[in-house]
Protein chains: 2
Amino acid sequence: MSTDLSMTSYALLGLLALDARTREEGLTGYEIKQRADRTMRFYWTSPAMSQIYTELDRLAEADLVMSQDAAEGRRRARRFTLSETGLATLEEWLATPPEDPIPVLKHPVALRLMLGAMASPESTIGVLDDYLEQLSRRREELQQVRALLADRHEARYPARVAQWGLSYFDSEREIAEQLRKDIHDNG
Amino acid sequence: MSTDLSMTSYALLGLLALDARTREEGLTGYEIKQRADRTMRFYWTSPAMSQIYTELDRLAEADLVMSQDAAEGRRRARRFTLSETGLATLEEWLATPPEDPIPVLKHPVALRLMLGAMASPESTIGVLDDYLEQLSRRREELQQVRALLADRHEARYPARVAQWGLSYFDSEREIAEQLRKDIHDNG
DNA sequence: TGTAGCATGTAAGCCGTTACATGATTGA
DNA sequence: TCAATCATGTAACGGCTTACATGCTACA
């Protein structure tokens with residue numbers, strides 16, 4: 001058990017596990033991508049389609065997922081479900097606390113801000129404004145996801161994660177506005 | 001000009017640019033790594049030593065940095081400084097607002113929380129507690145960096161970035177505590 | 001005298017992306 | 001009938017990490 005998968009593998013197993021609670025047929029690679037785009041991208045990444053298929057092949061090879069070709073009449077499709085080994089692997093992973101739980105953050109705006117002294121205050125403020133705009137757009141998207149999950153007891157954990165994301169966006173908005181003002185006032 | 005470098009390349013150019021304002025000799029790869037470990041890792045990544053050397057070679061090849069072998073007597077070392085082209089490239093990059101300014105966040109704790117329903121509340125709370133502990137450790141480290149920069153006018157932009165990081169840690173602490181309580185109360 | 005820190009590099013390999021290619025089905 | 005969406009895959013490559021290898025210098 002547990003040939004040490006990548007985080008993204010566990011994430012895919014997780015999406016399958018979540019789905020298994022409400023459906024039986026499993027998910028196609030395409031559908032997994034949609035789920036990832038809708039929620040996972042906010043606190044992880046949404047892997048490229050090609051990677052999802054590659055990853056699913058690898059997981060199938062390791063007997064962590066089972067694939068089943070589409071029923072006749074329908075468009076060609078492979079539907080993936082968690083195997084028992086897959087479920088056990090996922091549960092084992094969940095029970096093992098992460099060695100280094102600090103998130104990896106790659107913040108292009110902060111990177112630029114570091115060099116703000118090399119640019120005009122106006123252009124730095126412009127970058128912050130762009131960021132603020134993107135933030136509110138993203139926040140709204142996530143807010144809609146959150147709304148779909150609200151009050152569904154089985155979805156309370158995903159709802160909490162969405163809440164986390166909203167809180168992050170709010171905090172970013174606040175500090176970006178503060179820094180904007182600071183730069184405006186003090187250069 | 002501008003053969004489209006990776007973000008990390010710009011980050012390295014940025015570290016060289018910051019250093020150039022107070023020193024003339026430039027930095028060794030080793031010293032760049034130290035700078036990156038001290039500050040950059042909080043909002044970007046601190047690249048592996050091997051990558052820094054590889055990257056510096058590439059930048060030197062493109063005439064964006066100049067390397068100079070150590071003066072005699074000293075231990076063998078290559079010191080890197082920004083070239084004029086390098087400075088121009090960096091300034092051009094700074095003037096071009098990022099196409100997609102949303103940070104990439106890979107949050108292993110949020111990923112696990114998404115699947116909290118598969119584990120016991122106690123174990124999920126344990127993960128959050130570990131996270132909170134790491135957070136406060138990290139916060140303290142950054143606080144010290146921040147303290148070093150405080151009140152030095154030339155360092156006001158790096159100080160702002162540090163401030164940003166502190167605000168992020170604070171926000172994370174708050175939401176993690178809230179969610180911890182929520183899970184404790186409602187499972 | 002020996003260990004920690006300074007300093008540089010090569011090799012192998014993983015993870016993930018973009019670009020490309022193919023084809024079926026639905027609905028306007 | 002034509003575009004959008006569903007659906008799957010291959011190839012090439014970039015970025016970054018770990019592991020490994022080497023050697024000097026300061027200092028306890």
Side-chain angles (χ1 to χ4, degrees), chain A residues 3-13 15 25-38 40-41 44-62 65 67-80 99-100 102 104-106 108 111, chain B residues 3-13 15 25-38 40-41 44-62 65 67-80 99-100 102 104-106 108 111:
Chain A
T3 19
D4 258 351
L5 306 171
S6 69
M7 279 280 184
T8 298
S9 294
Y10 288 114
L12 295 189
L13 293 180
L15 288 179
E25 324 91 272
L27 293 170
T28 66
Y30 194 90
E31 287 167 341
I32 290 178
K33 172 65 173 166
Q34 290 178 320
R35 305 279 193 289
D37 276 345
R38 187 152 53 82
M40 226 173 69
R41 73 174 156 124
W44 198 250
T45 49
S46 185
M49 287 263 41
S50 64
Q51 201 206 346
I52 289 179
Y53 288 115
T54 318
E55 201 67 60
L56 284 172
D57 282 342
R58 194 181 315 164
L59 293 173
E61 188 102 12
V65 301
S67 77
Q68 182 186 311
D69 281 13
E72 43 242 85
R74 288 218 240 123
R75 164 193 287 145
R76 174 191 176 225
R78 292 164 70 202
R79 301 205 152 263
F80 293 88
E99 61 320 323
D100 187 2
I102 293 290
V104 172
L105 184 61
K106 288 195 161 196
L111 189 57
Chain B
T3 18
D4 259 351
L5 306 171
S6 69
M7 278 280 182
T8 299
S9 294
Y10 288 113
L12 295 189
L13 293 180
L15 288 179
E25 324 92 271
L27 293 169
T28 67
Y30 194 91
E31 286 167 341
I32 290 179
K33 172 66 174 167
Q34 289 178 320
R35 305 280 194 286
D37 275 346
R38 187 152 52 83
M40 227 173 70
R41 71 175 157 125
W44 197 249
T45 48
S46 186
M49 287 265 42
S50 63
Q51 201 206 345
I52 289 179
Y53 287 115
T54 317
E55 201 68 58
L56 285 172
D57 282 342
R58 193 181 317 164
L59 293 172
E61 188 101 11
V65 302
S67 77
Q68 184 185 309
D69 281 12
E72 43 243 84
R74 289 219 240 125
R75 162 194 289 147
R76 173 190 176 225
R78 293 164 69 201
R79 301 205 152 262
F80 292 88
E99 60 322 323
D100 187 3
I102 293 291
V104 172
L105 183 63
K106 288 196 163 196
L111 189 58

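A note on names: the letters A, B, ... follow the listed sequences, proteins ahead of strands, and every chain is numbered from 1.
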- Query: Has the side chain of A:Thr28 got a donor or acceptor atom sitting under 3.5 Å from an opposite partner on the base of D:dT8?
  - Reply: no
- Item | Spacing between B:Leu27 atom CG and C:dA7 atom C1', to the nearest angstrom | 14 Å
- Query: Tell me: CZ of A:Arg58 to P of D:dT10, nearest whole Å?
  - Reply: 13 Å
- Item | Qualifying residues under side-chain hydrogen bond (donor to acceptor under 3.5 Å, both in side chains), relative to B:Ser46, sequence neighbours excluded | B:Lys33, B:Asp37
- Give the rounded distance in Å between these two atoms: OH of A:Tyr53 and P of D:dC6. 11 Å
- Query: With side chains defined as the heavy atoms from C-beta onward, is the minimum distance between A:Gln34 and A:Arg38 less than 4.5 Å?
  - Reply: no
- How close or far is atom C1' of D:dT8 from atom CE of A:Met49, stated in whole angstroms? 8 Å
- Query: Whole Å only: how far is the NZ atom of B:Lys106 from the P atom of D:dC16?
  - Reply: 12 Å
- Message: What contact category does B:Thr8 fall into here, base, sugar-phosphate, or nothing, at under 4.0 angstrom with non-hydrogen atoms?
- Response: sugar-phosphate
- Remember a base hit wins even if backbone is also touched, and classify A:Lys33 as base, sugar-phosphate or nothing at under 4.0 Å, heavy atoms. nothing
- Query: When all nucleic acid strands are considered with a 4.0 Å heavy-atom cut-off, which category describes B:Ser9: base, sugar-phosphate, or nothing?
  - Reply: nothing
- Query: Do A:Glu61 and A:Arg58 sit within salt-bridge range, that is, some charged N less than 4.0 Å from a carboxylate O?
  - Reply: no
- Of the nucleotides D:dC6, C:dG9, C:dG16, which one has an atom closest to the side chain of A:Gln51? C:dG16
- Query: Which of these nucleotides, C:dA7, D:dG9, C:dT8, is closest to any side-chain atom of A:Arg78?
  - Reply: D:dG9
- Round to the nearest Å and state the distance from A:Glu55 atom CD to D:dT10 atom C1'. 16 Å
- From the list C:dT8, C:dC15, D:dT8, which nucleotide is the closest neighbour of the side chain of A:Ser6? C:dC15
- Beyond-backbone contact of A:Phe80 with A:Leu27, side-chain heavy atoms, under 4.5 angstrom: no
